[in-house]
Structure formats: structure tokens, C-alpha cells
Amino acid sequence: MNLTGPDRVLLDRYLESVLLRFSDGKYSLADATQELAQAFTQSERDELLAHLRGVVEAGDDA
């Protein structure tokens, strides 16, 4: 899947969110790994983007 433009920005923000939650102790290594695996096993582009958006928008609530 090729993500460009706004979709690529969303992917970058998603990765930053997961890594920041891990570094802040909100996610364990297992949690962060599971989250990344769940995102990258989405078979449909729309499902992937919805998943990424959900994690990013959860912000500090995650």
C-alpha cells in the first residue's frame, strides 16, 4: 500500500503517537508491538486509515 500526501502525514503522526506512548510508559513494549501489528495487518486501505486516525485522535486518552 502506497501512502502519500495527507495519508502519509497521518501514518507519521500514528507512528509518533505509538512511540511517544511507549516512551511515556503508557504502552508497554508488548502493547506498542501489538498496536503496530494490528495497524499493519489491516487489509483494506480505508480500514487502515480509520485505525490510524483513531489512535492519533485518542491523544492523551490512550
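Keep in mind it's a predicted model, so treat the numbers as computed, not measured. Note that these values count all heavy atoms, side chains included, but never hydrogens, waters or copies made by symmetry.
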Those residues at least two apart in sequence (or on a different chain) that pass side-chain contact (heavy atoms from CB on, under 4.5 Å) with S28 are A30, D31
For A58 and R21 the tightest heavy-atom approach is C-NH2, 4.0 Å
Look at the side-chain heavy atoms of Ile, Leu, Val, Met, Phe, Trp and Tyr, link any pair under 4.5 Å apart, and say whether L49 and F40 land in one connected group.
yes
All N/O donor-acceptor pairs, side-chain side in residues 9-18, below 3.5 Å, sequence neighbours left out:
from, atom 1, to, atom 2, distance (Å)
D12, OD1, R8, NE, 3.0
Y14, OH, E35, O, 3.0
Y14, OH, E35, OE2, 2.9
S17, OG, R13, O, 2.9

Quick note, side chain to side chain donor-acceptor pair (under 3.5 Å) partners involving residues 36-50, not counting sequence neighbours, are D7-R45
